[in-house]
Amino acid sequence: MAEEVKPPVSFIEQIIIDDIEAGKNGGRIHTRFPPEPNGYLHIGHAKAICLDFGMAQKYGGKCNLRFDDTNPVKEDVEYIDSIKEDIKWLGFDWEDREYYASDYFGKLYDFAVDLIKRGLAYIDDQPADIISSQKGTPSQPGIESPYRNRSVSESLSLFERMNKGEFDEGSRVLRAKIDMTSPNMQMRDPIIYRIIKSAHHRTGEIWKVYPMYDFAHGQSDYFEGITHSLCTLEFEVHRPLYDWLVDQLKTNDYRPRQIEFNRLNLTYTMMSKRKLLELVQESKVSGWDDPRMPTLCGLRRRGYTPGSIRKFVDLIGYTKVEAINDVSLLEHAVREDLNICAPRVFAVLNPLKVIITNYPEGKTENVELINNPEDESMGKREIPFSREVFIEQDDFMENPPHKFFRLAPGMEVRLKGAYIVKCTGYKKDESGDIIEIYCNYDPTTKSGESGSERKVKGTLHWVSAPHAVDAEVRLYDRLFNHDDPAGQKDDDYRSFLNPGSLKILKHCKVEPSLVSASPLDKFQFQRLGYFCVDYDSTKEHLVFNRTVSLKDTWAKIHK
RNA sequence: UGACCCAUGGUGUAAUUGGCAACACGUCGGAUUUUGGUUCCGCAGAGUCCUGGUUCGAGCCCAGGUGGGUCAACCA
C-alpha cells in the first residue's frame with residue numbers, strides 16, 4: 001500500500017556511500033571515536049559515538065576507540081574506565097581495538113624528525129607570548145620567526161635535547177614550516193611539539209616532549225587506517241593542516257578524510273565540560289552522575305535508556321547547521337521507549353487517605369492488574385485492596401472545576417483494577433487542610449466482573465494503606481530555566497539555575513511489589529510518569545528518581 | 001582590514017540532485033481508552049534570508065548583499 005519511503009541519509013553517510021561505490025581506500029570503511037580522557041562523556045559525545053560506530057556497523061566497517069591522550073597534565077586514567085563503560089552502555093563495541101594516541105609517540109617523534117630533515121619543521125627558541133604576537137591576527141598576516149631558517153642539524157640536535165629534558169617547559173617548541181601569511185591561522189607555522197615534564201598516565205617519564213593535537217590526530221588516523229575521520233564543526237579550519245600533514249606522511253593512495261558535522265546543543269542545557277565541572281565542584285549538583293546532568297552517567301541514573309538516546313540522536317540528524325535541539329524531543333524519545341518496556345505500578349506521591357466506610361473492616365482482597373497494556377507478555381500481578389487506601393491529593397477537590405474527572409463530594413470514580421467508589425464526605429484539620437475522604441463502594445463493580453461495565457469519567461491509582469510501602473521520590477526538572485543558559489553574554493549561567501530542579505518527597509506510598517526492585521529498574525508510576533530506582537535505594541529505604549512525567553493534558557488545560 | 005562554514009514551518013531535518021516543498025517533535029481539534037498515558041484521525045503553520053541572473057522551469061546553479069558561526073591555547 002504505502003509508498004516505500006527510503007529513510008534520508010545524512011551528508012556524511014552519502015559521502016560514505018559514494019566512497020564505497022567509487023572504491024576509495026579499497027572500499028573500506030573505518031572510523032574512530034577519539035575522546036580525551038579528561039572528563040565524563042555527555043550526550044553530545046553520544047551523538048559522535050552513534051555516528052562513528054553506527055556508520056562502521058551499517059557499512060561493514062570497523063570503529064576504533066582511541067584515547068586522545070597527548071597532554072599528560074590534563075588527562076587521567078580515572079576517566080578511561082568511565083568512558084569505556086558509557087560507550088558499552090550505549091550499545092557499541094570496539095572489540096580489541098582500544099588504542100591511545102600515546103601508542104604512537106615513537107612514530108610521531110620519528111615523523112617530526114623526518115620533517116625537520118626535510119626542512120619542513122624547526123625549533124623556535126622564543127617564548128609563548130612572542131610566538132603568539134608574531135602569529136598576526138585573523139585579518140593580518142603573521143611574521144616569520146628569526147629561528148625559522150636555522151640549520152637542520154641545529155634543529156635536530158635541539159629537538160633531541162628537548163626530549164632529554166635539558167630545557168625548561170616553555171623554552172622551546174617544534175614548529176611546522178608552512179606559511180606565516182596564510183589566511184588560515186592554523187597554517188601559520190603551527191606548534192607541533194612542546195616540552196612537558198609531567199608524567200604521562202601510560203608512558204610515564206619516557207617523553208619530555210609531547211605532540212599537539214594537530215600533530216597527533218591525523219597521523220593516528222593514518223596509522224590506524226582510518227578512512228573517515230568525523231569530528232565537529234570547530235575543526236573545520238584545522239582540515240587544511242590535517243591534509244598537509246597527511247600529505248607529508250602518505251606513501252600510496254590511501255588517505256583518511258576529515259569530515260565535520262554540527263555539535264549537539266540542547267535547550268535548557270549546558271554542554272561545556274568546563275562549566276559542568278564547575279557545577280560539580282561548586283556542589284550545584286551532587287556529582288557527575290547527578291540525574292540533572294547531561295552526562296551519560298547522569299542520564300543513566302535519571303532512568304534514560306540507551307535505546308532512547310540512540311533514537312534521539314537518530315531523530316536530530318547530522319548537518320553543518322549550528323542548531324539548538326529542543327529537549328522535548330529527547331523526552332519524547334524516552335517516553336516512547338519506556339512506554340513499551342516499563343512495567344506499570346501504583347505509587348502515590350502525595351498521599352491522601354480514603355476510607356471506604358461500607359467495606360468490611362479487616363478485610364483484604366487481591367486485585368489483578370495488567371503489568372503493561374502495550375505488551376501482554378509482561379503478564380499480570382496482584383495487589384492488595386482494603387478498606388483504607390491512599391490516593392493522590394491532586395485527585396480530590398472540594399469545589400471541582402468543570403471537567404474535573406476525579407473525586408469530589410458526591411462524585412464517582414473507579415479505583416483502577418478494583419471498585420467504583422462515591423465520595424460521601426471528608427474531614428479537615430484545624431488549619432483547613434483536607435485529611436480524610438469518606439467513600440462508599442459498589443461491590444458489584446469489581447474489575448473483571450459483570451457489574452464492572454458501568455462507565456465512570458475518572459479512574460484513579462491508589463495504594464492500600466495497611467500494605468503500602470514508604471518511599472522517597474526525587475522529582476527532577478530541568479537544571480536551568482533559560483533555554484540557552486550558557487549563551488547569555490551579560491549573565492552568568494549560574495543565575496539561570498532552576499531552584500525547583502529537584503524536589504524530594506519523603507513520604508510517598510508505593511505498592512508492596514516494589515520492595516524487591518533494584519537500582520536502575522524502570523517503572524511507570526501509573527498516571528504520573530516514568531521512574532527508576534536510584535543507587536541510594538535499599539529494601540528498607542526505597543528511593544526513586546523521576547525520569548520524565550507522563551504527558552498531562554489536564555495540567556495543560558488547567559494552567 | 002582576512003579566510004572558511006552555514007541559512008527551508010515554532011524546533012530539528014527531507015526534497016529522487018533543476019520538476020507540485022515532505023517528515024518528526026511541538027501546538028490545536030476529535031475518536032478510542034479502567035492511565036486526562038498509549039493508539040488512531042484531522043487542522044493549522046514555511047513558499048525556502050534579500051536582490052538580481054541563467055533556464056520552459058530554481059529551495060537546489062551563478063553573482064552580489066544581509067545575518068549567524070568558527071579561527072589569533074606550548075588545550076582537544
Side-chain angles (χ1 to χ4, degrees), chain A residues 5-10 34-36 38 68-71 73-75 101 124 127-128 131-133 135-142 169-175 182-188 190-196 209-210 212-214 216-217 231 233-240 260 262 267 273 315-326 328-333 335-336 339-340 344 346 369-370 373-374 403-406 413-418 420 445 447-448 452 455-461 524-530 549-558:
Chain A
V5 187
K6 64 174 181 187
V9 299
S10 69
E36 183 186 13
N38 71 341
D68 217 331
D69 56 351
T70 56
N71 188 350
V73 312
K74 292 177 68 179
E75 294 141 10
D124 195 330
I131 291 178
S132 165
S133 66
K135 212 146 202 180
T137 69
S139 57
Q140 284 171 305
E169 289 189 10
S171 62
R172 270 172 248 262
V173 290
L174 179 66
R175 294 228 257 166
S182 170
N184 183 338
M185 299 283 294
Q186 313 302 321
M187 300 297 273
R188 321 239 262 230
I191 292 167
I192 56 180
Y193 258 99
R194 76 292 211 191
I195 300 169
I196 297 177
V209 292
Y210 289 88
M212 299 283 290
Y213 163 84
D214 286 301
H217 201 97
C231 63
L233 252 21
E234 66 270 25
F235 291 101
E236 209 150 19
V237 287
H238 291 244
R239 195 183 340 129
E260 310 85 13
N262 61 347
T267 54
K273 263 192 204 174
L315 247 22
I316 61 177
Y318 299 88
T319 68
K320 304 191 71 146
V321 185
E322 297 180 47
I324 301 176
N325 294 274
D326 201 322
S328 66
L329 191 59
L330 213 210
E331 291 172 349
H332 168 259
R335 285 196 188 102
E336 192 177 66
N339 179 45
I340 304 299
R344 303 294 98 157
F346 283 175
L369 287 159
I370 291 167
E374 307 296 321
K403 284 192 168 173
F404 181 79
F405 302 143
R406 304 179 187 183
V413 293
R414 172 172 291 283
L415 296 177
K416 189 176 169 74
I420 292 174
T445 57
S447 290
S452 70
K455 299 289 178 203
V456 283
K457 274 292 196 182
T459 301
L460 306 185
H461 63 281
Q524 184 196 98
F525 285 2
Q526 202 112 99
R527 299 212 302 136
L528 297 173
Y530 295 99
S549 64
L550 247 32
K551 280 206 259 178
D552 190 345
T553 312
W554 172 246
K556 208 154 51 183
I557 294 170
H558 214 61

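Letters A, B, ... mirror the listed sequences (proteins, then strands); counts begin at 1.
- With hydrogens and angles ignored, a donor-acceptor pair closer than 3.5 Å exists between the side chain of A:Glu374 and the base of B:rG37.
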Determine, step by step, whether A:Lys320 and A:Asn262 satisfy the side chain to side chain contact (heavy atoms under 4.5 Å, CB included) criterion, reporting the C-alpha distance in whole Å, the side-chain angles of both residues, the deciding distance to 0.1 Å, and the verdict. CA-CA 5 Å; A:Lys320 304 191 71 146; A:Asn262 61 347; 6.0 Å; no

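- Side-chain atoms of A:Leu315 lie closest to B:rA24 of the nucleotides B:rU11, B:rA24, B:rC25.
- With rounding to whole Å, A:Asn325 atom CG is found 17 Å from B:rA24 atom P.
- The residue A:Glu169 sits apart from the nucleic acid: no heavy atom pair falls under 4.0 Å.
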What's the verdict on side chain to side chain contact (heavy atoms under 4.5 Å, CB included) for A:Gln526 and A:Leu369, showing C-alpha distance, side-chain angles and the deciding distance? CA-CA 11 Å; A:Gln526 202 112 99; A:Leu369 287 159; 5.7 Å; no

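- Here CD1 of A:Ile324 is found 8.0 Å from OG1 of A:Thr267. Values are rounded to the nearest 0.5 Å.
- B:rG18 and B:rU51 are spaced 24 Å apart, taking the P atom of each and rounding to whole Å.
- The C1' atoms of B:rA14 and B:rA73 are separated by 39 Å, rounded to the nearest whole Å.
- Residue A:Ile324 is classed as a sugar-phosphate contact, given heavy-atom separations below 4.0 Å to backbone atoms only.
- Listed nucleotides B:rG37, B:rC75, B:rA76 differ in distance to A:Asn339; the shortest reach to its side chain belongs to B:rG37.
- Considering only side-chain N and O atoms, A:His461 lies nowhere under 4.0 angstrom from the phosphate OP1 or OP2 of B:rU35.
- With its glycosidic angle within 90° of 0, B:rU17 is assigned syn.
- Taking OG1 of A:Thr70 as the reference point, atom CD of A:Glu36 lies at 6.5 Å (rounded to 0.5 Å).
- Contact between the side-chain N/O atoms of A:Arg335 and the OP1/OP2 oxygens of B:rC25 is not found at any separation under 4.0 Å.
- Among B:rC25, B:rA72, B:rG36, the nucleotide with an atom closest to any side-chain atom of A:Pro138 is B:rA72.
- Anti is the glycosidic conformation of B:rG9, whose angle departs from 0 by more than 90°.
- In this structure, the nucleotide among B:rG36, B:rA76, B:rC25 sitting nearest to the side chain of A:Lys403 is B:rG36.
- Between A:His238 and A:Lys135, the residue anchored closer to the 5' end of RNA chain B is A:Lys135, taking for each the nucleotide with the nearest heavy atom.
- Within the 4.0 angstrom heavy-atom criterion, only backbone atoms of the sugar-phosphate kind lie near A:Ser132; the bases stay farther away.
- A:Arg527 has a side-chain polar atom (N or O) that falls below the 4.0 Å cut-off from OP1 or OP2 of B:rG36.
- No donor-acceptor contact under 3.5 Å links the side chain of A:Thr319 to the base of B:rU13.
- Note on A:Lys320: every side-chain N or O is 4.0 Å or more away from OP1 and OP2 of B:rC4.
- Taking only side-chain nitrogens and oxygens, A:Lys455 comes nearer than 4.0 Å to OP1 or OP2 of B:rU34.
- At least one side-chain nitrogen or oxygen of A:Thr553 sits closer than 4.0 Å to the OP1 or OP2 atom of B:rG37.
- Between B:rA22 and B:rU16, the distance separating the two P atoms is 13 Å to the nearest Å.
- Across the P atoms, B:rA46 and B:rC23 are found 15 Å apart, a figure rounded to whole Å.
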Check against side chain to side chain contact (heavy atoms under 4.5 Å, CB included), A:Ile557 and A:Lys403: CA-CA 10 Å; A:Ile557 294 170; A:Lys403 284 192 168 173; over 6 Å; no

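- With P as the reference atom, B:rU48 and B:rA58 are 11 Å apart, rounded to whole Å.
- Minimum atom distance to the side chain of A:Tyr213 is reached by B:rA76, of the listed B:rA7, B:rA76, B:rG2.
- Within 4.0 Å (heavy atoms only), A:Gly458 reaches no atom of the nucleic acid at all.
- Taking atom P in both B:rG57 and B:rU8, one finds a spacing of 26 Å when rounded to whole Å.
- Rounded to a whole angstrom, the distance from the P atom of B:rG37 to that of B:rG30 is 13 Å.
- Residue A:Ala323 is in sugar-phosphate contact alone, with no base atom involved, counting any heavy-atom pair closer than 4.0 Å across all strands shown.
- Nearer the 5' end of RNA chain B, as judged by each residue's closest nucleotide, is the contact made by A:Thr459, out of A:Thr459 and A:Asn71.
- Comparing B:rU35, B:rA76, B:rG2 by their nearest atom to the side chain of A:Ser139 picks out B:rG2.
- Of the side-chain N and O atoms in A:Lys551, none sit less than 4.0 angstrom from OP1 or OP2 of B:rG36.
- A donor-acceptor contact closer than 3.5 angstrom is absent between the side chains of A:Arg527 and A:Thr459.
- Taking atom C1' in both B:rG9 and B:rC5, one finds a spacing of 25 Å when rounded to whole Å.
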As a check on the pairing definition, encode RNA chain B in dot-bracket form, counting Watson-Crick and G-U wobble pairs whose two distances are under 3.5 Å, and using | for partners outside this strand. .((((((..((((.....[..))))..((((.......))))......(((((..]....))))))))))).....

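- The main-chain N or O of A:Lys135 is found under 3.5 Å from a side-chain atom of A:Arg188 such that the two form a donor-acceptor pair.
- In this structure, A:Leu315 places its CG atom where more than 12 heavy-atom neighbours from other residues, nucleotides or ligands lie under 6.0 Å away.
- Between the CD atom in A:Glu322 and the CD atom in A:Glu234 there is a gap of 9.0 Å [rounded to 0.5 Å].
- You can call A:Trp554 stacked on the base of B:rG36; the centres are under 5.5 Å apart and the planes sit within 30°.
- Counting only N and O atoms by type, the side chains of A:Asn184 and A:Ser182 include no donor and acceptor under 3.5 Å apart.
- Taking side-chain N and O atoms only, A:Asn262 has a distance below 4.0 Å to OP1 or OP2 of B:rU13.
- An OP1 or OP2 oxygen of B:rU34 is reached within less than 4.0 angstrom by no side-chain nitrogen or oxygen of A:Arg344.
- A sub-4.0 Å separation between OP1 or OP2 of B:rC28 and a side-chain N or O of A:Lys556 is present.
- A donor N or O paired with an acceptor N or O is not found under 3.5 Å between the base of B:rU70 and the side-chain atoms of A:Glu322.
- The aromatic rings of A:Trp554 and A:His558 sit parallel to each other, their planes meeting at less than 30°, with 60° as the upper class boundary.
- Applying the 4.0 Å criterion to OP1 and OP2 of B:rA76, one finds that A:Thr70 has a side-chain N or O inside that range.
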